[in-house]
Amino acid sequence: MMEKVQNLIRGNAVMVFSKSYCKFCKRVKEMFAMEKITYHAVELDMMGDEGLAIQNALAELTSQTTVPNVFMHGQHVGGCDATEKYYRDGTLAERAAGTYEKRDYDLVVIGGGSGGLAAVKEAASFGRKVAVCDFVNPTPKGTKWGLGGTCVNVGCIPKKLMHKSAIVGCDIKDSPHFGWETPEEVKHNWEKMAGEVKKHIMSLNFGYRSDLVLKKIKYYNAYATFLDKHKLKLVGRDNKVEEITADNILIAVGGRPNYPDIPGAKEYGITSDDIFYLRHSPGKTLVVGASYVALECAGFLAGFGFDVTVMVRSILLRGFDRQMADMIGSHMETHGVKFIRPAVPTKITEKCTGSPGELAVTYKFEDGREEEQTFNTVMFATGRSPCTKNIGLQEIGVNLNEKNGKIIGDKLERTNVPNIFAIGDVLDGTPELTPVAIQAGRFLARRLYGKSNEPMDYKMVPTTVFTPLEYGSVGYSEEDAIATYGADDIEVYHTHYQPLEYTLPERDENKSYGKLICLKSTGEKVIGFHVLGPNAGEITQGFALALKLGATKSDFDNLVGIHPTCAEVFTTMFITKSSGISVEKKSC
Ligand code: FAD
Ligand code: NA7
């Protein structure tokens with residue numbers, strides 16, 4: 001019998017000893033089928049005494065008494081868990097074909113940003129040999145930064161700190177109403193603030209680097225390009241070139257800001273990659289673009305007292321709820337931000353050098369009219385492009401969305417090249433947000449090297465726009481809810497509210513607002529949550545859980561509010577939009 005068993009093992013590249021009813025055996029065959037691997041299986045339970053004898057011989061040969069018992073090219077692999085390990089780490093097909101060669105790393109991540117660092121740390125926690133490559137190409141103005149990616153260096157972190165600085169300014173203005181004897185002229189010092197922000201960012205960069213050392217993760221401060229689907233070329237700061245190989249490669253290279261194709265754009269303009277590192281105050285600033293990066297930056301600059309203009313090509317905050325976007329715009333306008341719309345810049349020239357200098361901006365309205373204005377700083381927030389060019393993706397056949405250059409992945413973030421994955425801003429069709437990249441990175445590493453099968457859930461992702469009046473949302477916008485379910489199935493509850501902290505300084509009456517979008521046919525399940533007001537991000541985070549768990553309007557009504565807060569308005573929201581009743585608060 002032993003000879004028969006050994007002949008089966010020698011005679012078949014992939015041999016499975018199985019039992020027809022065994023769920024682990026079925027799983028092994030399923031994995032082979034998914035990887036298009038040809039195998040030979042014998043079902044021991046269908047062979048009577050011979051099956052029993054084979055099982056005994058296998059036990060003698062491998063010390064394994066259970067099925068499935070898998071062999072590849074004469075080598076014992078083991079059972080379902082052992083086979084699944086190769087399936088998860090992407091080497092099963094190569095091992096079955098007998099072409100597997102030991103590589104330098106189990107996983108190499110390209111991009112040390114939010115997603116990449118989360119994934120590589122999670123993979124390391126499973127004892128895997130992993131590395132991360134991160135390299136920042138300086139902006140046309142020469143700005144560069146350390147490890148951590150967009151969020152830490154040129155995104156969420158400096159943005160929120162500067163937003164906070166602007167809010168502190170508002171609070172100082174309000175402070176006499178709360179009894180503070182604040183001097184009339186309180187000045188903002190850009191250089192001081194930018195220096196403090198930079199110091200904080202550098203401490204985070206340092207923290208990331210030491211964390212990698214602590215977790216035994218190899219860090220390459222180098223730009224990575226694919227040589228083949230398992231091999232990368234790394235070019236370091238000193239132009240030192242290295243080649244490394246990995247079973248799996250994760251692309252988490254994020255994106256960089258776009259410049260419009262007009263004379264003077266790159267020469268004189270800056271983007272969000274420069275604004276946080278400006279050594280001198282920006283002065284009179286033009287922000288081109290109308291999405292959240294544009295409005296957030298315009299918001300904090302105006303808060304510091306700069307003369308700020310936003311140039312809008314079409315609408316504010318494309319993709320967000322229209323009513324909320326327009327309310328944000330009108331609030332910013334009443335607080336001194338100017339809007340030029342609908343217009344695009346056509347040319348920038350330098351009038352005089354300096355820190356800041358003077359730039360002449362020519363711009364064209366939709367009706368063809370042209371005008372010119374002088375600004376000290378021109379900042380483009382005209383979208384971002386994924387860093388997928390010139391990294392060898394076309395050469396190794398990774399599919400990209402031709403329209404936006406993003407990587408196409410399946411529900412498990414796997415590209416069409418099975419050992420290559422993509423997460424974060426570079427993955428097509430997913431929200432460009434730090435917590436999304438982090439969660440996707442962690443889940444992917446757990447699926448590859450842990451025991452999890454859980455896919456990342458990209459639905460009901462909450463977000464906040466940190467404009468002077470913050471806007472938090474989760475779920476459908478009113479337009480999308482109507483387009484998806486039809487106007488007859490949608491009920492919108494809404495209200496204006498006055499934050500208590502705005503009452504003494506008599507600030508921004510009827511500017512704060514909340515609405516719940518409900519689906520009538522499902523017992524008024526809340527499918528959209530929108531809030532405009534102070535601390536909107538903090539409010540939205542908690543309510544997002546309620547929406548994710550399927551809360552209905554009556555669940556909101558049954559919830560007892562916390563008084564006095566802004567969030568409590570969502571527990572007492574009884575006026576529907578369809579009723580036409582005014583939701584404006586009257587002061588007296
Ligand atoms: P990134 O964080 O961009 O990291 C990619 C890294 O890969 C970078 O360090 C890059 O230099 C490096 N890299 C690129 N190519 C290579 C290569 N070939 N070799 C080696 N390294 C390479 N999100 C929020 O959730 N909340 C916010 O408030 C928020 N505010 C934002 C404000 C601004 C101004 C901007 C621009 C973005 C903001 N975002 C915010 C979005 C958030 O920053 C991104 O969604 C997040 O950083 C994406 O993470 P990532 O891992 O995909 O890529
Ligand atoms: P978005 O969300 O892509 O928005 C780009 C904005 O810039 C939008 O208002 C565009 O107007 C406008 N735009 C684009 N090209 C031009 C030109 N050539 N001229 C004038 N205006 C233009 O980009 P953001 O930079 O705000 O943010 C991108 C991501 O970064 C975001 O998802 C976050 O993850 C961080 P349009 O509406 O197309 O008319």
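Both counts, for ligands and for their atoms, begin at 1 and track the order of listing.
Summary of contacts: the protein heavy atom closest to atom 3 (O) of ligand 1 is Thr150 OG1, 2.5 Å. With respect to atom 29 (C) of ligand 1, the closest heavy atom belonging to the protein is Cys156 SG, 3.2 Å. Nearest protein heavy-atom contact of atom 38 (C) of ligand 1 is Tyr292 OH, 3.4 Å. Annotation: atom 51 (O) of ligand 1 to nearest protein heavy atom, Gly115 N, 2.8 Å. Protein heavy atom nearest atom 11 (O) of ligand 1, with residue, atom name and distance: Phe135 O, 2.8 Å. When hydrogens are left out, the protein atom nearest atom 53 (O) of ligand 1 is Gly254 CA, 3.4 Å; that is the closest non-hydrogen contact. The closest protein non-hydrogen atom to atom 52 (O) of ligand 1 is Asp425 N, 2.9 Å. In terms of protein heavy-atom proximity, atom 46 (C) of ligand 1 is closest to Thr434 OG1, 3.5 Å.
The backbone N or O of Glu470 sits nowhere less than 3.5 Å from a side-chain atom of Thr467 that would complete a donor-acceptor pair. Not a single donor-acceptor pair under 3.5 Å links the side chain of Asn404 to the backbone N or O of Ser385. Put simply, the side chain of Asp428 never gets that close to the backbone of Leu400: no donor and acceptor are under 3.5 Å apart.
For the side-chain hydrogen bond (donor to acceptor under 3.5 Å, both in side chains) test with Thr139, the passing option among Asp273, Thr271, Asp274 is Asp274; the others fail. Put simply, the residue from Glu413, Glu122, Glu454 that forms a salt bridge (charged side-chain N to carboxylate O under 4.0 Å, His left out) with Arg447 is Glu413. Screening Arg128, Lys129, Arg88 for a salt bridge (charged side-chain N to carboxylate O under 4.0 Å, His left out) involving Asp106 leaves a single residue, Arg128.
Interface of Leu433 with ligand 1, defined as ligand atoms under 4.0 Å from a residue heavy atom, comprises 23 (N), 24 (C), 25 (O), 45 (O). Applying the 4.0 Å criterion to heavy atoms of Cys151 picks out, from ligand 1, the atoms 43 (O), 47 (O). Counting the atoms of ligand 1 from 1 in the order shown, those under 4.0 Å from a heavy atom of Asp134 are 6 (C), 7 (O), 8 (C), 9 (O), 10 (C), 12 (C), 20 (C), 21 (N). Residue Val136 approaches ligand 1 through these ligand atoms, each under 4.0 Å from one of its heavy atoms: 11 (O). With ligand atoms numbered from 1 in the order given, ligand 1 contributes 18 (N) to contacts under 4.0 Å with heavy atoms of Ile391. Each of the atoms 25 (O) of ligand 1 lies under 4.0 Å from some heavy atom of Pro435. Residue Gly424 approaches ligand 1 through these ligand atoms, each under 4.0 Å from one of its heavy atoms: 52 (O). Taking every non-hydrogen atom of Lys159 and a distance limit under 4.0 Å, the qualifying atoms of ligand 1 come out as 27 (C), 28 (O), 29 (C), 30 (N), 31 (C), 32 (C).
Taking the ring centre of Phe135 as origin, the terminal cationic atom of Arg237 falls inside the region bounded by 6.0 Å and 45° from the ring axis. Remark: Lys218 is positioned above the aromatic ring of Tyr220, its terminal NZ or CZ atom under 6.0 angstrom from the ring centre and at most 45 degrees off the axis.
Proximity of Arg384 to ligand 1 is established by a heavy-atom distance of less than 4.0 Å. Residue contacts with ligand 1 include Val154, since one or more of its heavy atoms lies under 4.0 Å from the ligand.
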Practice task
Any chance you could lay out the side chain to side chain contact (heavy atoms under 4.5 Å, CB included) test for Val310 and Phe339, step after step, and finish with the verdict?
Solution key: CA-CA 5 Å; Val310 178; Phe339 285 86; 3.8 Å; yes
Practice task
Go through the steps to decide whether Met162 and Phe276 satisfy the test side chain to side chain contact (heavy atoms under 4.5 Å, CB included), and finish with yes or no.
Solution key: CA-CA 8 Å; Met162 292 199 178; Phe276 307 111; 3.7 Å; yes
Handout entry: Evaluation steps, side chain to side chain contact (heavy atoms under 4.5 Å, CB included), between Leu286 and Gln373
Key = CA-CA 10 Å; Leu286 172 68; Gln373 264 198 65; over 6 Å; no
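For ligand 1, the polar-atom distance check finds an N/O of Ala224 within less than 3.5 Å of one of the ligand's N/O atoms.
Salt-bridge check for Asp367 with Arg369: passed, with a basic side-chain N closer than 4.0 Å to an acidic carboxylate O. A salt bridge is absent between Glu478 and Arg322: the closest approach of a Lys/Arg side-chain nitrogen to an acidic carboxylate oxygen does not fall below 4.0 angstrom.
Residues passing the side-chain hydrogen bond (donor to acceptor under 3.5 Å, both in side chains) test with Lys160: none are found, sequence neighbours excluded. A search for side-chain hydrogen bond (donor to acceptor under 3.5 Å, both in side chains) contacts involving Lys199 returns Glu196, not counting sequence neighbours. Among residues two or more places apart in sequence or in another chain, the side-chain hydrogen bond (donor to acceptor under 3.5 Å, both in side chains) test is passed with Thr245 by Asp104.
Put simply, the side chain of Val108 does not reach to within 4.5 Å of the side chain of Arg103, judged on heavy atoms.
For ligand 2, the 4.0 Å heavy-atom shell contains residues Pro260, Val288, Gly289, Ala290, Ser291, Tyr292, Val293, Arg313, Ser314, Arg318, Val344, Ala381, Thr382, Gly383, Arg384, Glu432.
The heavy atom nearest to atom 33 (C) of ligand 1, considering only Ala118, Gly155, Cys387, Gly112, is found in Gly155.
At a heavy-atom cutoff of 4.0 Å, ligand 1 is contacted by the side chain of Ile110 but not by its backbone. The part of Ala222 lying near ligand 1 is the backbone, judged by heavy-atom distances below 4.0 Å.
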